[in-house]
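Data first, discussion second: the structure below is written as structure tokens.
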Number of protein chains: 2
Amino acid sequence: MTHQTVGHRHTTRPGLPDDPRAAVTEPTPSCPVEITLAALRGRWTTLVIRELLQGDRTFTELRQALPVLSDKVLSDRLAHLTEAGVVDRRREPGWPSRTHYRLTPQGRRLGPVLQALWDWGATTAL
Amino acid sequence: MTHQTVGHRHTTRPGLPDDPRAAVTEPTPSCPVEITLAALRGRWTTLVIRELLQGDRTFTELRQALPVLSDKVLSDRLAHLTEAGVVDRRREPGWPSRTHYRLTPQGRRLGPVLQALWDWGATTAL
DNA sequence: CTGAATCCCTGCCGATACTG
DNA sequence: CAGTATCGGCAGGGATTCAG
């Protein structure tokens, strides 16, 4: 089985949770959905996360995995993801200097999110 | 129960499905994740979907539910969502002209996706 | 009532060049 | 090796105005 649909329980509930934050009438950074979309925002972001879902990676390894991505944007993405609490950066002392990146526990929990995005998009493409 | 975590099955698999489309090294429109993100792209989009998850809505009803959203952007979002196969538009003949919008079956399946986005963002805010 | 046309402003992203 | 600095092009989105 390649990609079975993940077992969501969405049969009954039509909308979103009856959380006060679900009542907003305009986009606000405190809305959980906005928080997640903000973390995923930007071209290349999901691909960087996909790489890190497979384990620890250095800057160069990421650059090799995504050859078209420029240094600047990769650096931007990693800084953004680090600030969002998705990625953890570990400088290696000495020379040549290396920096390892890996997902935080919170970042690893983006796996199911990407899976949900994948599942929906996979059915649309038919 | 306000919002229990949806039952994802993500314990074992570290990455994404072993689908050939998961091997891309740059953002491509054919990637299912990109497809979904493209459908959700744009400010206000998720809020419009949230409204429609609660049922059929007219243009004016949507405008009232999201007062800060301008006509132009609402129109843009609805056109975009319609083209993405998320929304179905029904013109009402006669006067005053009204247009009803509702989610397609595919659009309704975005519920779990938004739920996944919500769940992740809700844990980050702590 | 619904939505298209126009204008402007802002922020993203890519390329290039440069530092610790 | 791992970034930052700077610049330019382009698309997104808000306000306003006009049309079917």
Side-chain angles (χ1 to χ4, degrees), chain A residues 24-29 31 33-34 37-49 51-52 56-84 86-102, chain B residues 24-29 31 34 36-49 51-52 56-84 86-102:
Chain A
V24 294
T25 65
E26 53 184 312
T28 155
C31 170
V33 172
E34 292 294 326
L37 289 178
L40 299 178
R41 182 106 48 210
R43 208 152 116 89
W44 297 96
T45 303
T46 56
L47 290 178
V48 172
I49 295 172
E51 287 306 311
L52 292 175
D56 186 306
R57 291 289 187 278
T58 68
F59 193 88
T60 303
E61 285 170 343
L62 289 172
R63 201 166 44 182
Q64 287 170 346
L66 308 169
V68 186
L69 174 56
S70 74
D71 287 8
K72 182 235 186 187
V73 176
L74 176 55
S75 182
D76 285 353
R77 291 297 169 271
L78 290 170
H80 176 236
L81 288 172
T82 300
E83 190 171 4
V86 171
V87 160
D88 175 52
R89 107 189 306 175
R90 259 178 19 212
R91 286 183 208 285
E92 206 177 75
W95 189 267
S97 93
R98 277 185 188 220
T99 310
H100 288 260
Y101 293 91
R102 63 174 171 187
Chain B
V24 294
T25 65
E26 52 183 313
T28 155
C31 169
E34 292 293 326
T36 310
L37 288 178
L40 299 179
R41 181 110 44 212
R43 211 153 113 87
W44 297 98
T45 303
T46 56
L47 290 178
V48 171
I49 295 173
E51 288 305 311
L52 293 174
D56 188 305
R57 291 287 186 279
T58 68
F59 194 88
T60 304
E61 286 170 341
L62 288 172
R63 201 167 42 182
Q64 289 170 346
L66 307 169
V68 185
L69 175 55
S70 76
D71 287 8
K72 181 241 188 183
V73 176
L74 176 55
S75 182
D76 285 352
R77 291 298 169 271
L78 290 169
H80 176 236
L81 289 171
T82 301
E83 190 172 3
V86 170
V87 159
D88 175 51
R89 106 190 306 175
R90 260 177 18 211
R91 282 183 210 286
E92 207 177 75
W95 187 268
S97 96
R98 281 187 185 216
T99 310
H100 289 259
Y101 292 91
R102 65 176 170 185

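Throughout, a chain's letter reflects where its sequence line sits, starting with A, and its residues are numbered from 1.
- For C/dG3, one of the phosphate oxygens OP1 or OP2 lies less than 4.0 angstrom from a side-chain nitrogen or oxygen of B/R89.
- Using a 4.0 Å cut-off, some side-chain N or O of B/T99 falls inside it from OP1 or OP2 of C/dG3.
- Two residues are said to be in side-chain contact when any heavy atoms from C-beta on lie closer than 4.5 Å; B/T25 and A/L69 fail this criterion.
- Put simply, the side chain of B/L66 does not reach to within 4.5 Å of the side chain of B/L74, judged on heavy atoms.
- Considering only heavy atoms from C-beta on, A/D56 comes within 4.5 Å of A/R90 through its side chain.
- The CG-P distance, from A/D71 to C/dC13, rounds to 16 Å in whole Å.
- Residues B/E34 and A/T46 are in side-chain contact: their nearest non-hydrogen atoms beyond the backbone lie under 4.5 Å apart.
- Along DNA chain D, the stretch of nucleotides lying under 4.0 Å from any heavy atom of chain A spans, 5' to 3', D/dC1 to D/dT6.
- In this structure, A/R43 atom CZ and C/dA15 atom P are separated by 10 Å, rounded to whole Å.
- Atom CG of B/L74 and atom C1' of C/dC1 are 12 Å apart (whole Å).
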Heteroatom pairs (N/O) under 3.5 angstrom, protein to nucleotides 18-20 of chain C:
none

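- At a threshold of 4.5 Å between non-hydrogen side-chain atoms, the residues A/V86 and A/L52 do not count as touching.
- In the set C/dC1, C/dG3, C/dT16, C/dT16 carries the atom at the smallest distance from any side-chain atom of A/K72.
- For the pair A/H80 NE2 and C/dC12 P, the interatomic distance rounds to 9 Å; values are reported in whole Å.
- A distance-only check finds no donor-acceptor pair linking the side chain of B/S75 to the backbone of B/D71 [under 3.5 Å].
- Of the side-chain N and O atoms in B/R91, one or more sit less than 4.0 angstrom from OP1 or OP2 of C/dG3.
- Residue contacts for A/R41: at a heavy-atom cut-off of 4.0 Å it reaches no nucleic acid atom on any strand shown.
- A/L40 is listed as a side-chain neighbour of A/I49, based on a closest heavy-atom distance under 4.5 Å.
- When side chains are defined from C-beta on, B/V48 does not count as touching B/Y101, because their heavy atoms never get closer than 4.5 Å.
- Looking at A/R77, its side chain does come within 3.5 Å of a backbone N or O of A/R43 through a donor-acceptor pair.
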